Amino acid sequence: MGKIAILPDILCNQIAAGEVVERPAAVVKELLENSIDAGSSKISVSLIQGGRKEIRVVDNGCGMHPDDALMATERHATSKIASVEDLASVMTLGFRGEALPSIASVSRFELVTREASAVGGTRIRIEGGVLRDVCEAGCPPGTQVLVRDLFHNTPARQKFMRTAETELAYITDQFFRISLAHPEIHFQLSSQERLLHDFPKAQDTAQRAAQVFGRDLLSSFVRIEFEKDETEVSGYLCLPQVQRTNSQSLFLYVNGRPVWDRLLQRTVLAAYEALIPRGKYPVAAVFIRLSPAAVDVNVHPAKREIRFKKPGEVMRVLREALLGTLSGARPTAQVRPAAPDFFPREASSFAQAGFLRENQASFDFAPRRPAAAPVFGGGENVRAFPRVPPDQSSETIGFPPPEASPEITFASLPVIGQLANSFLLLEAPDGLVIIDQHAAHERVLFNRLLARTGASAAQLLTRPELVHLMPGEAALVKRWLPDLREMGFELEHFGGTDFSVHAVPAPLSEVPPAELIRDLLKFAEEDAPTGRSGLAASLAKVASCRGAVKAGMKLKPEEIRHLLEMLDDTSLPFTCPHGRPLWFKLSYDQILRSFKRT
Ligand code: ADP
Ligand code: MG
């Protein structure tokens, strides 16, 4: 008698379930994907105990014929592909035909489904993989899947489930990621019979992003739109002021599928280098589209991971798209009705309302870099400006068109003054802008140092300056020479451990050269990067910090103006090179709230 036997189906399904259904969130993901593939326009998810007790997904999609409904719960039964060639061009989210049988093998499962043209529907009950009941059922067109007591028959798996709260968090994450990719579908998520998230059909991804990320973030979003080498990159990036402590707000998609790909993630994070601090994460939703033949989606049972045929090329296009988008992003302002409404309607002695309007009219609204014009206005009561004057119609529009959030230039804003000789106060149409003068100048210098204009950015010293170093320091400086030269330094080894400095980067010409070199060396002691790639940026960070105006320095009005103009000419005027914000806005909303006026 041989020892080898073919495993029974139930066991196969339970084994498959181990990969496909690792936790309630995976069930929700599979069911949502099926409902989307079925062409639904509305999908609701309801949970009891974070899905541990019950998951119910109801859709209004195409439904199933009674024969298909039975088939669907069989292993490897799918309507989505029929041949190995299909696998290379699969456009549906599912194709493995594993989800329903796997889920049914580890739960008390019920499927109720009806095609729109059919008179009645079908109800199928399966418990732990065993078919219990098939009958006709009255139901609306579409499909409802009920998954109760997940893992009731696989105690080992059950132990791995976490608290209802944690499982709900995992599910919500999945729900967000999937909803964001399908603005055309109305999604609902309820828990314990309470509606937690309701995302009605949205006009576009922008509107859906507002539902998912919350409206406060909207004014910080910039649209990505890029195509090259048959790879399309689209979506939204948050300006670097918005920072998170984990990567959960990084939504990455390939051909409409949410993916967790290290390489993709690293590429996105790299685009934020020197914009946000190490250990902080941006908020972004990035969609990559390329020919289905250029990716293998069938490398992970739950399709979380994918494999690019040419990862290098995809990353190159992605990098270009992200850097182009970020470097074109400019600060924006919205015109809020709050301020004019707040000020007295009757002509006051200050005639504030008129005063405000005048100022608003003087803004430069022309998009400077149309390729990456910011798209969101933000807050709920944003009015299109300047088409609607602030004190006319009280009509509001929920989502302004892309042009409605005008870009502002810092230099065009009236300067109120300098606070504590450290912060510049400017008046924007929608509130008070506060700029950290040191951080702002640092960003200006950093960008100029890294502009790689080579010798053209070098300022020749009238007399070379000799710097005497310790042997270890001399060795370091020798190693740094190529990077220093690119920034505009000209150093010559003078003999022994002495160097003569012939030129310094023009933006740093005010700083005594020897001090500059010593500062760079001090940094080497503290946190020099290990790889060569980051060296130029790291040196530029130190040099720009050294060269920037300090906090506590009184600036003359023309110096303030000059700094603001330089900032306007700088790409990424959002954070300093260490990733700290260099400006923020205290909106009229916030101000009025502080005074309990709203
Ligand atoms: P796959 O999605 O990989 O094809 P599944 O096990 O998830 O495998 O589903 C099996 C089949 O059941 C699908 O191919 C589809 O034809 C059908 N199906 C599943 N869910 C639905 C639904 N919500 N509406 C209509 N048909 C569905
Ligand atoms: Mg499926």
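Just so we're clear, the structure is a prediction, and the values are computed from it rather than from any experiment. Counting starts at 1 for both ligands and their atoms, following the listed order.
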Ligand 1 and Leu100, any nitrogen or oxygen pair closer than 3.5 angstrom?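 Checking ligand 1 against Leu100, an N or O pair does fall under 3.5 Å apart.
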
So which heavy atom in the protein is nearest [atom], and how far is it from that ligand atom?
{"atom": "atom 22 (C) of ligand 1", "answer": "Thr143 OG1, 3.7 Å"}
{"atom": "atom 4 (O) of ligand 1", "answer": "Thr78 OG1, 2.5 Å"}
{"atom": "atom 15 (C) of ligand 1", "answer": "Ser79 OG, 3.5 Å"}
{"atom": "atom 23 (N) of ligand 1", "answer": "Asp59 OD2, 2.8 Å"}
{"atom": "atom 8 (O) of ligand 1", "answer": "Gly97 CA, 3.1 Å"}
{"atom": "atom 7 (O) of ligand 1", "answer": "Asn34 ND2, 2.8 Å"}
{"atom": "atom 2 (O) of ligand 1", "answer": "Lys80 NZ, 2.7 Å"}
{"atom": "atom 12 (O) of ligand 1", "answer": "Ala72 CB, 3.3 Å"}

From the candidates Met64, Glu30, Glu33, the one that places a heavy atom nearest atom 17 (C) of ligand 1: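 Considering heavy atoms of Met64, Glu30, Glu33, the nearest to atom 17 (C) of ligand 1 sits in Met64.
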
Closest to atom 25 (C) of ligand 1 (judged by heavy-atom distance), picking from Ser35, Ala69, Ser40, Ala38: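 Heavy atom nearest to atom 25 (C) of ligand 1 belongs to Ala38.
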
Ala99 heavy atoms, cut-off 4.0 Å: which ligand 1 atoms fall inside?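 By the 4.0 Å cutoff, the relevant atoms are 6 (O), 7 (O).
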
Check ligand 1 against Pro101 and write out every atom of the ligand that is under 4.0 Å from a heavy-atom position of the residue.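 Answer, ordered by atom number: 6 (O).
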
At the 4.0 Å heavy-atom cut-off, does Ser102 count as touching ligand 1?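 Ser102 does not count as a contact of ligand 1 under the 4.0 Å cut-off.
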
Could a heavy atom of Gly63 be found less than 4.0 Å from some atom of ligand 1?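 Gly63: in contact with ligand 1 (<4.0 Å).
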
As an exercise, state the distance from OH of Tyr236 to OG1 of Thr205, rounded to the nearest 0.5 Å.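 Between atom OH of Tyr236 and atom OG1 of Thr205 there are 6.0 Å.
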
Could you confirm whether Thr78 has any N/O/S atom lying under 2.8 Å from the Mg ion (ligand 2)?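 Here the distance criterion (N, O or S atom, under 2.8 Å) is not met by Thr78, so no.
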
So, do Asp198 and His186 sit near enough that their side-chain heavy atoms are less than 4.5 Å apart?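 Of all side-chain heavy-atom pairs linking His186 with Asp198, at least one is under 4.5 Å.
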
Heavy-atom distances under 4.0 Å are what count here, so tell me which part of Val57 touches ligand 1: side chain, backbone, both or neither.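 It is neither part, as no heavy atom is under 4.0 Å.
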
Would you call [X] and [Y] a salt bridge, using N to O less than 4.0 angstrom?
{"X": "Glu33", "Y": "Lys29", "value": "yes"}
{"X": "Arg108", "Y": "Glu127", "value": "yes"}
{"X": "Arg125", "Y": "Glu110", "value": "no"}
{"X": "Lys42", "Y": "Asp59", "value": "no"}

Cation-pi, Phe251 ring and Arg177 (6.0 angstrom, 45 degrees):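 Yes, Arg177 lies over the aromatic ring of Phe251.
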
At their closest point, which heavy atom of Leu269 faces which heavy atom of Pro282, and how far apart are they?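 Heavy-atom minimum between the residues: CD2-CD, 3.4 Å.
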
Compare every heavy atom of Ala69 with every heavy atom of Thr113, then report the nearest pair and how far apart it is.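 It is CG2-CB, 3.8 Å.
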
From Leu196, Thr172, Val57, Ile178, residue fulfilling side-chain contact (heavy atoms from CB on, under 4.5 Å) relative to Val45: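 For Val45, the side-chain contact (heavy atoms from CB on, under 4.5 Å) test succeeds with only one of Leu196, Thr172, Val57, Ile178, which is Val57.
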
One pair to check against side chain to side chain donor-acceptor pair (under 3.5 Å): Gln590 and Arg593. What are the steps and the verdict? CA-CA 5 Å; Gln590 289 165 292; Arg593 245 180 281 139; over 6 Å; no

